[in-house]
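Each remark here refers to the structure printed beneath this line.
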2 protein chains.
Amino acid sequence: MSDLARDPRQIGNLIRRMRKKRGLSQAQLGGKTGLRQETISLIETGHPAARLQTILSVLAALDLEFRIVPRSKAGAADIEEIF
Amino acid sequence: MSDLARDPRQIGNLIRRMRKKRGLSQAQLGGKTGLRQETISLIETGHPAARLQTILSVLAALDLEFRIVPRSKAGAADIEEIF
DNA sequence: CTGGAATATGCGCCATATCGCATAACTGTA
DNA sequence: TACAGTTATGCGATATGGCGCATATTCCAG
C-alpha cells in the first residue's frame, strides 16, 4: 500500500479519483467547499503544503474522512488505543 | 467515534496523547520533526489551519499515518475501492 | 512550598496558501 | 475542424503558518 503520510502528492490523486467518482467538476467541488476551482486543481496536482483545513473540507465534501492509525503494523489492540 | 474530519482540534488532542505515550516532550518532538516547541504546542491546542506537511511530519515522528476512508458507514468493499 | 522542566503566549519577520480575475491548455464531441 | 466544458497557469493582493527570541504560565518531583 502506498504510504500516504510520506507522499502528500498521493492525497491529490486520491481526491481526484474520488471527485470524478462522485461526478463532480473541480468547480463544483470548489462550490461545495468554498474553495476556488484553481485551488482544487493545485491540491489535486500535488500542492505540497496545503492547509489542513483545506484538505479536511475537501474530504468532507467528498464524504470522506481520515483516520490516524499506527504506522507500524497495527495489531488490532493498537488501533483501539487511538480511537 | 469522534469525527476527526469535522473537528481539526481533535487531531491536536490525539497528537498530544500519542506524544506522551511515546514519552516525548514537545521540544523533543520538535527536534524530530524540525519544528519548534511552540509550533507543537499550537498544533496540540487546536491550531485550526496548520499545514498538511506539518501535521504529516508530526504524525511520522510518532509512527502514525493517516488513512482516508469513506465517511458513510464503510462497507469493507467501499474501503477497498479507495486503496 | 520550592525549583526546574514543560508548556503557552506575544511580537516581528519571511515564506507561502488562497483569493480574485484573466487566460491558456487540454478533452471530448459533433 | 470547431466548439464547449474542464483544468492548468500567471499575477497582484491579503491572510496566516512557522521561525527566532523572550517570557509568562503551568506542572511536577523533592
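In what follows, chains carry the letters A, B, and so on, assigned in the order in which the sequence lines appear, proteins first and then strands, with residues in each chain numbered from 1.
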* Phosphate contact (dG17(D) OP1 or OP2) by T54(B) side-chain N/O below 4.0 Å -> no
Would you kindly give the [atom1]-to-[atom2] distance between [X] and [N], to the nearest whole Å?
{"X": "R51(A)", "N": "dT14(D)", "atom1": "CZ", "atom2": "P", "result": "15 Å"}
{"X": "L24(A)", "N": "dT6(D)", "atom1": "CG", "atom2": "P", "result": "11 Å"}
{"X": "L52(A)", "N": "dA15(D)", "atom1": "CG", "atom2": "C1'", "result": "17 Å"}
{"X": "K20(A)", "N": "dT6(D)", "atom1": "NZ", "atom2": "P", "result": "12 Å"}
{"X": "E44(B)", "N": "dT26(D)", "atom1": "CD", "atom2": "C1'", "result": "14 Å"}
{"X": "I15(A)", "N": "dA8(D)", "atom1": "CD1", "atom2": "P", "result": "13 Å"}
{"X": "Q28(A)", "N": "dG5(D)", "atom1": "CD", "atom2": "P", "result": "12 Å"}

* Segment of DNA chain C, first to last nucleotide, that comes within the 4.0 Å heavy-atom reach of chain A -> dA17(C) to dA22(C)
Locate the shortest heavy-atom distance separating [X] from [Y]; write the atom from each residue and the value.
{"X": "L29(A)", "Y": "A61(A)", "value": "CD1-CB, 3.7 Å"}
{"X": "S57(A)", "Y": "T54(A)", "value": "OG-O, 2.9 Å"}
{"X": "A60(A)", "Y": "R71(B)", "value": "O-NH2, 2.7 Å"}
{"X": "A50(A)", "Y": "I43(A)", "value": "CB-CG1, 4.4 Å"}

* Show your working on side-chain contact (heavy atoms from CB on, under 4.5 Å) between L24(B) and L62(B) and close with a plain yes or no. => CA-CA 9 Å; L24(B) 297 171; L62(B) 293 173; 4.2 Å; yes
* With a 4.0 Å heavy-atom cut-off, tell me which residues in residues 29-41 of chain A come close to DNA chain C, sorted by residue number. => G34(A), L35(A), R36(A), E38(A), T39(A)
* Structure fact -> Note: for A27(B) and L42(A) on DNA chain C, the residue whose nearest nucleotide lies more 5' is A27(B)
* Asked: Would you say R22(A) and D63(A) make side-chain contact, with heavy atoms under 4.5 Å?
  -> yes
* T33(A) side chain near I40(A) side chain, heavy-atom distance below 4.5 Å -> yes
* Could you tell me the separation between the CG atom of L59(A) and the CG atom of L14(A), rounded to the nearest 0.5 Å? => 7.5 Å
* Under the side chain to side chain donor-acceptor pair (under 3.5 Å) rule, collect the residues that match up with E44(B), sequence neighbours excluded. => R16(B), R19(B), Q26(B)
